[in-house]
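To find a chain, count down the sequence lines: A is the first, B the second, and so on, and within it residues start at 1.
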2 protein chains.
Amino acid sequence: MRLVIARCTVDYVGRLTAHLPSALRLILVKADGSVSVHADDRAYKPLNWMSPPCTVREGTGEDAGTWTVLNKAGERLVITLEETLHDSSHELGVDPGLVKDGVEAHLQALLADQIETLGPGWRLVRREYPTAIGPVDILCRDAAGATVAVEIKRRGEIDGVEQLTRYLELLNRDPRLAPVRGLFAAQEIKPQARVLAIDRGIDCVTLDYESLRGFDDVDARLF
Amino acid sequence: MRLVIARCTVDYVGRLTAHLPSALRLILVKADGSVSVHADDRAYKPLNWMSPPCTVREGTGEDAGTWTVLNKAGERLVITLEETLHDSSHELGVDPGLVKDGVEAHLQALLADQIETLGPGWRLVRREYPTAIGPVDILCRDAAGATVAVEIKRRGEIDGVEQLTRYLELLNRDPRLAPVRGLFAAQEIKPQARVLAIDRGIDCVTLDYESLRGFDDVDARLF
DNA sequence: CCGTAAATGTCGTCG
DNA sequence: CGACGACGTTTACGG
């Protein structure tokens, strides 16, 4: 990883055209070949960047101080260095990577294991039930045996309702399943998403991750 | 901006729970208060981060080498430094910022100014036509006087078709406008999006940004 | 390699 | 401050 602090201008031509006037910035070159240009704000997002795979050509002689970064798609990032205040390189090695907990996949697993959270007598048909346009998070049957398609989100927004609507349209063409009801399950459901869901006859339920995990721990100890 | 290269472990507890085992990484502290932990890959995205506004407390004495980053929402990022290989700070000042060109807003302006690109005799009603669920990019009338709602995207995908579908549903309830046709306009339309659009009776058109901009320049010179 | 869905998305804008 | 949509979204996962 190479860290350069320099006064520079930057021009990007690719999916859009962008220009950065001269200013002091951090230029970060990673071992994967990516280059990013950071100001002292904007959280972690750079002002400009080039994602790998790409190649950096550092100018020599005539165009010394000019870095040209190119990728396969023909996108181009040109950095012109005017004054370099710092330049250091560091070998970091391969990172062991991140361990995550609490994302949608985990919610889905917990809910599938405790499907009766949705109602007494409910039974799981399967997780990731395949359809022509993608897998439905959970397919199950309620106490009366009616099919229910469940879409799970951490945060329930309109696009999640649209997604479930597409699945329902498809599932309801299958006579072995129809009629299929929809259930929109999320830790938090945005008001507009709830309105849209209800308007389409889709039920909504908010999930309590901590409580799902808690019961799961209890089950794990009992069996 | 502070740059630290160190062997460290990181724990994040907030919207999810995440842990990073010990490894050499870059820790970037920006003037806006944000903290990010980078490996030597993954383009510009950090392994862990905390967005501003947040506060960093650097441990002293007993918990020296432990940084605790907190935000208002109670999210917590704890970085434990085991070995510091580099530590430098740099005053960058305020960045003059980025000049962009070629995004959706610009496409919309160009197309609105040259609405006859869509067909001879077409007339603009207005850009950003307001509805209860948000503004329609362009509302216009074709040569026959029929209303057309245009949704503009740089890349046309399924969610854009869904968005236009919702607008059309609403607009068609207005007797002064109905019947309203839909037109999905993008620089590039994905096959699946095109299939869905056509299935719903929505026309598709691909926009040539260069040519729109070219004609615009000509117009600018003529008038 | 393409296509879809998730993301601690982030970021701007507008109410 | 919340809601909403764009983003050079990026990234992971399947076919």
Side-chain angles (χ1 to χ4, degrees), chain A residues 12-18 34 36 41-52 54 71-77 97-98 100-108 128 130-137 151-155 157-160 162-164 166-167 186-188 190-193 195, chain B residues 10 12-18 34 36-37 41-52 54 69 71-77 97-98 100-108 128 130 133-137 151-155 157-160 162-163 166-167 187 190-193 195:
Chain A
Y12 165 75
V13 179
R15 280 168 279 184
L16 54 64
T17 301
S34 64
S36 47
D41 60 357
R42 270 161 234 236
Y44 69 71
K45 195 171 188 196
L47 292 162
N48 268 125
W49 68 93
M50 188 72 83
S51 300
C54 62
N71 71 1
K72 295 270 177 74
E75 295 175 72
R76 173 189 299 260
L77 186 71
L98 190 64
K100 288 185 183 183
D101 179 26
V103 290
E104 187 199 306
H106 201 192
L107 269 178
Q108 188 194 106
E128 301 285 346
T131 77
I133 55 170
V136 178
D137 287 342
E151 176 64 34
I152 300 170
K153 293 280 182 224
R154 203 174 53 72
R155 287 171 53 193
E157 302 185 26
I158 279 180
D159 60 348
E162 299 286 16
Q163 193 181 344
L164 180 52
R166 290 196 298 273
Y167 289 141
Q187 283 184 276
E188 177 200 352
K190 291 293 173 79
Q192 302 241 357
V195 167
Chain B
V10 185
Y12 166 75
V13 179
R15 280 166 280 185
L16 55 64
T17 301
S34 64
S36 46
V37 180
D41 61 355
R42 269 161 239 226
Y44 68 71
K45 194 169 187 197
L47 293 162
N48 270 126
W49 69 93
M50 187 76 81
S51 299
C54 60
V69 190
N71 72 1
K72 295 271 177 75
E75 296 174 69
R76 173 189 299 261
L77 186 71
L98 190 65
K100 284 186 183 180
D101 179 25
V103 289
E104 186 197 312
H106 201 188
L107 268 179
Q108 187 195 105
E128 301 284 345
I133 55 170
V136 178
D137 286 343
E151 175 65 34
I152 300 170
K153 294 281 182 224
R154 198 180 56 72
R155 286 170 53 192
E157 301 185 25
I158 280 181
D159 61 347
E162 299 284 17
Q163 192 181 344
R166 292 197 297 274
Y167 289 139
Q187 281 184 280
K190 290 293 173 80
Q192 304 244 357
V195 167

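Taking atom C1' on both nucleotides, D:dG14 is separated from C:dT8 by 25 Å, rounded to a whole Å. Using atom P as the reference point in both D:dG8 and C:dA5, the two lie 22 Å apart (nearest Å). Nucleotides D:dT11 and C:dC11 place their P atoms 15 Å apart, quoted to the nearest Å.
Counting non-hydrogen atoms under 4.0 angstrom, A:M50 reaches a base of the nucleic acid. Backbone-only contact: B:A43 has heavy atoms under 4.0 Å from sugar-phosphate atoms and none from a base. Residue contacts shown for A:E128 are absent, as no nucleic acid heavy atom lies under 4.0 Å away. When heavy atoms are screened at a 4.0 angstrom cut-off, A:Y12 is found touching base atoms of the nucleic acid. At a threshold of 4.0 angstrom between heavy atoms, the contacts of A:P135 with the nucleic acid are absent. In this structure, B:E151 reaches the sugar-phosphate backbone alone: every heavy-atom distance under 4.0 Å involves primed, P, OP1 or OP2 atoms, never a base. When heavy atoms are screened at a 4.0 angstrom cut-off, A:R166 is found touching the sugar-phosphate backbone but no base atom.
Applying the 4.0 Å criterion to OP1 and OP2 of D:dA6, one finds that B:Q163 has a side-chain N or O inside that range. For B:S51, a side-chain nitrogen or oxygen approaches OP1 or OP2 of C:dT10 to under 4.0 Å. OP1 and OP2 of C:dC2 both lie 4.0 Å or more from every side-chain N or O belonging to B:R155. Taking side-chain N and O atoms only, A:Y167 has a distance below 4.0 Å to OP1 or OP2 of C:dA5. Between B:K45 and C:dT8 there is a side-chain polar atom (N or O) within less than 4.0 angstrom of OP1 or OP2.
Between B:V37 and B:P46 the shortest heavy-atom distance is O-CB, 3.3 Å. Smallest separation of non-hydrogen atoms from A:N71 and A:C54: CB-CB, 4.1 Å.
Whole-Å rounding puts the A:D137 CG to C:dT4 P distance at 17 Å. Regarding B:E104, its CD atom lies at a distance of 16 Å from the P atom of C:dG12, rounded to whole Å. Rounded to an integer number of Å, the gap from CD1 of A:I152 to P of C:dA5 is 15 Å. When rounded to the nearest whole Å, the span between CG of A:D159 and P of C:dA6 equals 8 Å. Rounded to an integer number of Å, the gap from A:H106 NE2 to D:dC13 P is 15 Å. For the pair A:L98 CG and C:dT8 P, the computed distance is 8 Å after rounding to whole Å. Between the CD atom of A:E157 and the C1' atom of D:dA6 there is a distance of 13 Å, given to the nearest Å. Rounded to an integer number of Å, the gap from A:I158 CD1 to D:dA3 C1' is 10 Å.
In this structure, a donor-acceptor pair under 3.5 Å is present between the side chains of B:E75 and B:Y12. A donor-acceptor contact under 3.5 angstrom links the side chains of A:Q163 and A:K153, judged on distance only. Checking A:Q108 against A:E128 by side-chain atom types alone, a donor-acceptor pair falls below 3.5 Å.
In this structure, A:S34 OG and A:L77 CG are separated by 11.0 Å, a value rounded to the nearest 0.5 Å.
Taking a pair to require two hydrogen-bonding distances under 3.5 Å in either a Watson-Crick or a G-U wobble arrangement, D:dG8 remains unpaired.
Both B:R42 and A:E188 lie close to DNA chain D; mapped to their nearest nucleotides by heavy-atom distance, the more 5′-ward contact belongs to A:E188. DNA chain D is contacted by both A:L47 and A:P52; A:L47 maps to the nucleotide lying nearer its 5′ end (nearest heavy atom per residue). In terms of position along DNA chain C, the nucleotide closest to A:G134 lies nearer the 5' end than the nucleotide closest to the other residue of the pair B:N48 and A:G134.
Closest approach to the A:E75 side chain among D:dG8, D:dG5, C:dT8 is made by D:dG8 (side chain taken as heavy atoms from C-beta onward). With distances taken from any side-chain atom of B:Y44 to the nucleotides D:dG8, C:dT8, D:dT10, the minimum falls on D:dT10. When each of C:dT8, D:dG8, D:dA3 is scored by its nearest atom to the side-chain atoms of A:K190, the top-ranked nucleotide is D:dA3. Side-chain atoms of B:R15 lie closest to C:dT10 of the nucleotides D:dG8, D:dA6, C:dT10.
By the 4.5 Å heavy-atom criterion applied to side chains, B:H106 and B:D101 are counted as neighbours.
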